[in-house]
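Note that the coordinates shown come from a computational prediction; the quantities given were computed from them, not determined experimentally.
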Amino acid sequence: MRVTWIFVLALAAGCKKAEPPASMERPPAPVRVAAAAAVDVPLYLDEIGTCAARESVVIRPQVTGRLTEVHFSDGADVKAGDPLFSIDPRPFQAFVDAAQAGQAEAKAAAALARVELKRVETLVEKAAAARQELDAAKNTVEVSAARELRAAADLATARLNLEYASIKAPFPGRAGRRLVDAGNTVLANDTELLVIQRIDPLYVEVHVNEAEVADVRRRAPPLKVEVRVPGDAGEFLPGELTFIDSAVRAETGTVLLRAAVPNAERRLWPGLFTRVRLVLETIPAAVLISADAPQMSAKGTFVYVVKDDLTAEFRPVTLGQKHGDRVRVEKGVAAGEKVVVAGHIGIMPGGKVKIQEPAPVSAGAPR
């Protein structure tokens, strides 16, 4: 009997009514959101550019002689007309003196010829001289006048050569290193003395493909250019597109564009590679969202938009260009809508979410 009662009690305990299961409702997913903003932003092309001097000249002497003095330091900035080199001027001064003497002699001979012509004319009028003598006197005057002109030209040439003995900067720019030291003999129009380049403003050249150059040509010039130097924390340098080449390079299928960029601070240098942004136009009231918001799926790019009832809506989007830490949305999101920027993993489309505020940064915490 005791065993029977134990069995009955155990059976009664096993038939006890089960407790109802806990609720299966999913808790709201914690997310952080940011509102889409309407901002005027540029439509641009990003390219790699190369800096080139606006003007570059190889300085050569225009007369032959011995170099006596160098007036600049290697790498110095020079102004137009600044002295660069001096060639021994004494031989050229001697030529000037000789040309001046020749001109004085020619003038004296011309004056005498004119006096002789007047005397012969008087004699011919009195029938005291033959007509042949008058013709000879007129010829002498003409020859003397020609010699006087030649003497003046010789003097001008001598003075010009003397001026060439002092070599000056043709435009403001930066001097390279001197290629010849004082004491050497230099040859006219042959010996290379120095290279000077104008680097303010500076040219920045880029090569764009045929499709991109078509976008450029459709816009009314001038177009703005923003130049950024890799590794330079300064602001971009503004410039202006000044040249579009007239032909496509067959070997690359690209077209050369050139922009003029002010370079007073010398942040750009000939031969330097830069990042170039060519601004085609400004898009008014473009919709920007955080670059952390877009996600990828098998159907393409999407974002989650949090509606007023705190549910997450799945939105396919079409993205445009990036602008800093934000990206332009061409289609799919309107300005002012709240877009999820963190916490995507826990979201179910149509499910509830809980918006979290970003954690405050303490005064001593690193930023």
Take D232 and R267 through the salt bridge (charged side-chain N to carboxylate O under 4.0 Å, His left out) test and state the conclusion after the steps. CA-CA 8 Å; D232 188 342; R267 290 173 57 191; 2.9 Å; yes
Quick check on the 6.0 Å ring-centre criterion: do H323 and Y44 meet it? yes
Between the CG atom in D215 and the CD atom in E212, the distance rounded to the nearest 0.5 Å is 7.5 Å
Salt bridge R228-E226, side-chain N to carboxylate O under 4.0 Å: yes
Can you establish whether the number of heavy atoms outside R266 located under 6.0 Å from its atom CZ is more than 12? yes
Of all heavy-atom pairs linking G320 and E330, the shortest is CA-OE2, 3.6 Å
For G253 versus E210, what's the shortest heavy-atom pair and its separation? O-CG, 3.6 Å
Please check if atom CZ in F273 has more than 12 non-hydrogen atoms from other residues, nucleotides or ligands closer than 6.0 Å. no
Closest heavy-atom pair and its distance - L194, F85: CB-CE1, 4.0 Å
Return the orientation label for the Y304 and F302 ring planes: parallel under 30°, perpendicular over 60°, tilted otherwise. perpendicular
Distance from F72 atom CZ to R177 atom CZ, nearest 0.5 Å? 10.5 Å
Do L193 and I196 sit in one hydrophobic cluster, given that two such residues count as connected whenever their side-chain heavy atoms are within less than 4.5 Å of each other, even indirectly? yes
Salt-bridge present (E337, R315; N to O < 4.0 Å): yes
With a 4.0 Å cut-off on N to O distance, would you call E240 and K224 a salt bridge? no
Could you check whether any side-chain heavy atom of L310 comes within less than 4.5 Å of a side-chain heavy atom of K354, counting everything from C-beta outward? no
Out of H71, R66, E69, which one pairs with S86 under the side chain to side chain donor-acceptor pair (under 3.5 Å) rule? H71
R174 and salt bridge (charged side-chain N to carboxylate O under 4.0 Å, His left out): which partner among D77, D82, D200? D77
Over 12 foreign heavy atoms within 6.0 Å of CG, D309: yes
R60 with D190: basic N within carboxylate O range, under 4.0 Å: no
Say whether, by atom type as modelled, one donor and one acceptor occur between the side chain of N263 and the main chain of L202 under 3.5 angstrom. no
Side-chain ion pair, E205 and R258, N-O less than 4.0 Å: yes
One should read off an interatomic distance between L134 CG and L117 CG, to the nearest 0.5 angstrom, of 6.5 Å
Atom pair NZ (K138) and CD (E133), whose distance is rounded to the nearest 0.5 Å: 13.5 Å
Is there a donor-acceptor contact under 3.5 Å from the side chain of N139 to the main chain of V143? no
Nearest 0.5 Å, what's the CG-OG1 distance between L268 and T50? 11.5 Å
Provide the closest heavy-atom pair for A113 versus S144 in the form atom of the first, atom of the second, distance. CB-OG, 3.6 Å
Looking at R119 and E116, is any side-chain nitrogen of the basic one under 4.0 Å from a carboxylate oxygen of the acidic one? yes
For D74 and R178, indicate whether the former's side chain and the latter's backbone hold a donor-acceptor pair under 3.5 Å. yes
A76 backbone acceptor or donor facing S73 side chain under 3.5 Å: no
